[in-house]
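Order of listing sets the numbers, starting from 1, for every ligand and every atom in it.
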Amino acid sequence: MLEVTGLRVAYGGIQAVRGITFHVNQGEMVALIGANGAGKTSTLKALARLLNAAGGSVRYCGKEISRLEPHQLISEGIALVPEGRGVFPRMSIVENLLMGAYSRHDKDGIAADSAHVFSLFPRLKERSQQLAGTLSGGEQQMLAIGRALMSRPKLLLLDEPSMGLAPLMVQKIFEVIRTVADEGMTVLLVEQNAKLALEVSQRGYVMESGEITLTDEAAKLLANPKVREAYLGE
Ligand SMILES: Nc1ncnc2c1ncn2[C@@H]1O[C@H](COP(=O)(O)OP(=O)(O)OP(=O)(O)O)[C@@H](O)[C@H]1O
Ligand SMILES: [Mg+2]
């Protein structure tokens, strides 16, 4: 579904992503793990066209998408849940969800999808009129995921959904991510929490200093001594 070849991202003279190649098959959940500053967010931003890649190709469902505008990607079925969530703080939960559906005109579908989001995250339903800025970090993460789902994506890009959250909240959010994947969504999951990410994914890529240094089935990466030492704190 997603085929990335030789992707490069640079900030001025700094090469943040140095020609990486990876793919995500339809229906798969794939983890992209790596330490601080490895280039994970830069990769996702380039995929979502929030920044211009310095080189490489990105094919999605057989089509080159590396020159499309961000809103065109949403129409193509790609949604990003950004690092730091990016909810609209002065808008309510319901209004934030509707922003995720702004490119759609099918009222019934939108209503069905917000009902689905509320069934995934009952907590959001209870607080539906509350301003997003007053939500806890975990609730904002739920809302960010819910808002992305409102564009009815085929491919979901998640940037560090566990960041800054208490273990119980992380567990809840990952249960929902797993549910969404089980319903057929294709997911590219960026995480510093390697153990968590590999436990829910089928395959993984390890990124170090802008390069992919290792790839395998997630279970094999979890058992890999190098990964255990560098990313699982053993
Ligand atoms: N806007 C920017 N301007 C200049 N350099 C940047 C910018 N954004 C990121 N970088 C640099 O690019 C490199 C990769 O950063 P990136 O945010 O992609 O890493 P990351 O893997 O997402 O890290 P983290 O786990 O901390 O989120 C880092 O060296 C970072 O300092
Ligand atoms: Mg990041």
S.K.: Give the protein residues with at least one non-hydrogen atom closer than 4.0 Å to an atom of ligand 1, ordered by chain and number.
M.R.: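 Residues within 4.0 Å of ligand 1: Tyr11, Ala16, Ala35, Asn36, Gly37, Ala38, Gly39, Lys40, Thr41, Ser42, Glu83, Glu160, Gln192.
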S.K.: State, to 0.1 Å, how close Lys40 and Asn36 come at their nearest heavy-atom pair, and which atoms those are.
M.R.: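 Minimum heavy-atom separation between Lys40 and Asn36: NZ-N, 4.4 Å.
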S.K.: Can His116 and Glu183 be counted as having a side-chain donor-acceptor contact under 3.5 angstrom?
M.R.: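 Yes.
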S.K.: Tell me yes or no: between the side chains of Glu208 and Thr213, is some donor less than 3.5 Å from an acceptor?
M.R.: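 The answer is yes; a qualifying pair exists.
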S.K.: Using the ring-ring contact (aromatic ring centres under 6.0 Å, His included) criterion, which residues pair with Phe22? Sequence neighbours excluded.
M.R.: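 Per chain and number, Phe22 pairs via ring-ring contact (aromatic ring centres under 6.0 Å, His included) with Tyr205.
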S.K.: Quick one: do the Glu64 and Ser57 side chains pair a donor with an acceptor below 3.5 Å?
M.R.: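 Glu64 vs Ser57: donor-acceptor pair found between side chains.
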S.K.: Suppose the cut-off is 2.8 Å; which protein N/O/S atoms would you list for the Mg ion (ligand 2)?
M.R.: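 Checking every protein N, O and S atom gives Thr41 OG1, Glu83 OE2.
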S.K.: Scan side-chain atoms only and decide if Gln140 and Arg85 contain a donor-acceptor pair under the 3.5 Å cut-off.
M.R.: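 There is no such pair (donor and acceptor under 3.5 Å, judged by atom type) between the side chains of Gln140 and Arg85.
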S.K.: Would you mind telling me which of Ile177, Leu158, Thr186 makes a side chain to side chain contact (heavy atoms under 4.5 Å, CB included) with Met29?
M.R.: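 Only one of Ile177, Leu158, Thr186 forms a side chain to side chain contact (heavy atoms under 4.5 Å, CB included) with Met29, namely Ile177.
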S.K.: Applying ring-ring contact (aromatic ring centres under 6.0 Å, His included), which residue pairs with at least one partner in residues 133-157 are found, sequence neighbours left out?
M.R.: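 Counting only pairs at least two positions apart or across chains, no ring-ring contact (aromatic ring centres under 6.0 Å, His included) contact touches residues 133-157.
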S.K.: When Met1 is tested against each of Ile78, Asn25, Leu155 for side chain to side chain contact (heavy atoms under 4.5 Å, CB included), which residue passes?
M.R.: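 The single option meeting the side chain to side chain contact (heavy atoms under 4.5 Å, CB included) with Met1 is Leu155.
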